[in-house]
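In this text, all values refer to a predicted model and were calculated from it rather than measured experimentally. Chain identifiers are assigned alphabetically (A, B, ...) following the order of the sequence lines, protein sequences preceding nucleic acid strands; residue numbering begins at 1 within each chain.
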Amino acid sequence: MIITIKDDFDLKKIEYSGQCFRAKELTDFPGLFRFILDDKILYIKKIEENKFEVDCSEADWTNIWTPFFDLGTNYSKIRKSIVDDPFMHNASDFGAGIRLLAQPHFETLISFIISQRKNIPAIKSSIEKLSELLGQKYTTEYEEIYSFPTPEAVLNASFDDINRCGLGYRTGYIIDAAQKVADKDIKLNELEALDDDELINQLKTIKGVGDKVANCVALFSYGRKSLAPVDVWIQRLIDNEYNGTNPFVKYGDIAGVMQQYAFYYMTHGK
DNA sequence: GGCCAGGCTGAAG
DNA sequence: CTTCAGCCTGGC
């Protein structure tokens with residue numbers, strides 16, 4: 001099926017935007033990108049300007065992937081609204097095409113717990129190993145892949161098995177998170193109803209979840225676009241370009257979009 | 001082979 | 001309230 005997307009939409013930039021770790025361009029099929037959302041797998045390829053080929057039904061595109069890619073938000077309009085902020089203007093220009101993905105709560109939570117003090121290749125490797133070990137296997141026309149494990153699957157595994165995924169001291173954090181979710185100690189779906197501060201506080205009750213991880217989960221999984229996670233790259237930006245003053249706060253409900261442009265520019269720009 | 005990474009925790013000042 | 005060592009392990 002061919003679909004039309006008129007707004008900013010760049011698959012490669014989304015893959016490298018740092019918010020997701022399992023999306024990828026298939027090495028054997030350049031231009032063809034794969035996304036995983038729970039038990040749904042999407043292959044998508046750009047055909048021409050604003051036109052993309054997708055391998056899902058129209059209903060799935062509308063009900064699942066349209067919200068996943070946040071297609072209800074006009075990103076080019078957001079970019080054009082930037083005034084009086086040269087750095088952010090350049091960054092948004094460079095990062096045009098990035099979108100905030102609405103990713104599954106549990107997967108995002110675990111992924112960003114894993115991310116601490118790891119580089120991206122190491123993060124990806126751990127997540128793939130976890131999925132292969134505890135996820136469900138799917139065979140598509142292109143590959144065999146595994147869904148991200150459920151909290152129950154994580155709990156049913158032994159400490160040693162999980163630890164073999166290269167998690168180091170984070171293994172205990174991940175088991176704690178799975179336990180709190182499986183025991184309904186934390187109901188990830190119900191957190192959607194909370195305001196930003198309450199959501200962050202609830203997430204931080206999980207071991208290994210501090211300010212940065214909680215903000216990432218809130219932005220990349222709960223769609224809280226008024227939040228802008230501060231990692232070492234963003235901190236470097238705040239220190240070097242803005243004299244220590246956080247430039248994102250003033251962007252209100254699009255602060256998180258600016259954070260993505262800024263992060264991508266810091267890590268992939270010149 | 002050494003250094004350090006897209007932080008957090010717990011303890012100490 | 002703020003600072004800071006120590007943390008597991010894999011990439012480069």
Side-chain angles (χ1 to χ4, degrees), chain A residues 12-24 27 87 91 94-95 98-101 103 107-133 154 157-181 186 197 199-222 224-225 227-242 244 246-248 255-270:
Chain A
K12 206 168 193 58
K13 289 183 191 172
I14 292 170
E15 178 190 348
Y16 288 104
S17 62
Q19 61 184 308
C20 55
F21 301 107
R22 302 198 70 199
K24 78 173 218 181
T27 40
F87 178 89
F94 185 77
I98 292 174
R99 310 194 67 85
L100 266 311
L101 304 179
Q103 304 181 80
E107 173 175 347
T108 309
L109 173 64
I110 299 299
S111 297
F112 281 92
I113 289 175
I114 291 174
S115 77
Q116 60 184 219
R117 281 194 75 77
K118 269 179 176 287
N119 51 32
I120 290 181
I123 299 167
K124 285 182 174 170
S125 156
S126 285
I127 292 174
E128 285 311 312
K129 284 179 188 163
L130 254 189
S131 300
E132 279 174 34
L133 181 69
V154 173
S158 70
F159 184 97
D160 285 346
D161 277 345
I162 298 174
N163 203 27
R164 249 174 290 232
C165 299
L167 301 169
Y169 63 88
R170 306 164 192 79
T171 301
Y173 297 160
I174 286 159
I175 293 173
D176 179 62
Q179 202 135 45
K180 284 196 166 78
V181 174
I186 288 196
D197 285 344
L199 171 63
I200 295 294
N201 287 334
Q202 282 299 306
L203 290 171
K204 282 167 74 173
T205 63
I206 297 166
K207 272 191 208 145
V209 178
D211 248 326
K212 193 271 180 178
V213 171
N215 274 273
C216 283
V217 176
L219 177 59
F220 302 140
S221 175
Y222 288 85
R224 302 304 174 94
K225 291 202 272 279
L227 300 177
V230 178
D231 57 30
V232 294
W233 291 96
I234 296 294
Q235 188 60 52
R236 216 167 284 166
L237 166 68
I238 293 173
D239 292 341
N240 298 339
E241 299 280 339
Y242 292 95
N246 185 311
F248 298 99
V257 179
M258 293 301 135
Q259 191 270 5
Q260 278 291 280
Y261 290 140
F263 179 82
Y264 184 74
Y265 190 61
M266 292 294 286
T267 53
H268 293 83
K270 50 202 171 346

* Flag the pair Y261(A) / F248(A) as yes when their ring centroid distance falls below 6.0 Å, and as no otherwise. =>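 Ring centroids of Y261(A) and F248(A) are no less than 6.0 Å from each other.
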* By a strict heavy-atom criterion of less than 4.0 Å, which residues belonging to residues 107-116 of chain A are in contact with DNA chain B? ->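 Correct list: F112(A), Q116(A).
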What is the separation between atom [atom1] on [X] and atom [atom2] on [N], rounded to the nearest whole Å?
X	N	atom1	atom2	value
K204(A)	dT9(B)	NZ	P	9 Å
D176(A)	dC8(B)	CG	P	14 Å
R236(A)	dG7(B)	CZ	C1'	14 Å
D211(A)	dT2(C)	CG	P	12 Å
I200(A)	dC8(B)	CD1	P	11 Å

* To do: Kindly check if the number of other-residue, nucleotide or ligand heavy atoms within 6.0 Å of CZ (F94(A)) is above 12?
  =>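 Yes - once you tally the heavy atoms of other residues, nucleotides and ligands closer than 6.0 Å, there are more than 12.
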Does the [X] side chain pair with the main chain of [Y], one donor and one acceptor, at a distance under 3.5 Å?
X	Y	value
S131(A)	I127(A)	yes
S115(A)	F112(A)	yes
Q19(A)	L101(A)	yes
T171(A)	L167(A)	no

* Asked: What is the nucleic acid contact for I234(A), judged by heavy atoms within less than 4.0 Å: base, sugar-phosphate only, or nothing?
  ->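 The residue I234(A) makes no contact with any strand.
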* Using a heavy-atom cut-off of under 4.0 Å over every strand shown, decide if G210(A) touches base, sugar-phosphate, or nothing. =>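 Counting heavy atoms under 4.0 Å across all strands, the contact made by G210(A) is with sugar-phosphate only.
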* Using the P atoms only, state how far dG6(B) lies from dT3(C), rounded to an integer number of Å. =>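 Their P atoms lie roughly 23 Å apart.
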* Say you pick atom P in dA11(B) and the same atom in dC8(C); how far apart are they, in whole Å? ->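 Those two atoms are separated by 15 Å.
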* What residue pairs, at least two apart or across chains, pass salt bridge (Lys or Arg N to Asp or Glu O under 4.0 Å) with a residue in residues 116-126 of chain A? ->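 As it turns out, there is no salt bridge (Lys or Arg N to Asp or Glu O under 4.0 Å) pair with a partner in residues 116-126 of chain A once direct neighbours are skipped.
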* Asked: What residues, two or more places apart in sequence or in another chain, satisfy salt bridge (Lys or Arg N to Asp or Glu O under 4.0 Å) together with R99(A)?
  ->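 R99(A) satisfies salt bridge (Lys or Arg N to Asp or Glu O under 4.0 Å) with D7(A) only.
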* State which residues pass salt bridge (Lys or Arg N to Asp or Glu O under 4.0 Å) with K225(A); sequence neighbours excluded, sorted by chain then number. =>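 Checked K225(A) against salt bridge (Lys or Arg N to Asp or Glu O under 4.0 Å); matches are D70(A).
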* Asked: Does a side-chain N-to-carboxylate-O contact under 4.0 Å join K24(A) and E15(A)?
  ->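 No salt bridge links K24(A) with E15(A).
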* Can we say D161(A) and R164(A) salt-bridge, meaning some charged N sits less than 4.0 Å from an Asp/Glu carboxylate O? ->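 So D161(A) pairs with R164(A) through a salt bridge.
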* Asked: Under a 3.5 Å cut-off on both pairing distances, which runs of 3 or more consecutive Watson-Crick or G-U pairs involve DNA chain C?
  ->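 Detected stem regions: B:2-5 with C:9-12, B:7-13 with C:1-7.
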* Structure fact -> Expected string for nucleotides 5-12 of chain C under the B/S/- scheme (protein heavy atoms, under 4.0 Å, primed atoms plus P, OP1, OP2 as sugar-phosphate) is --BBS-SS
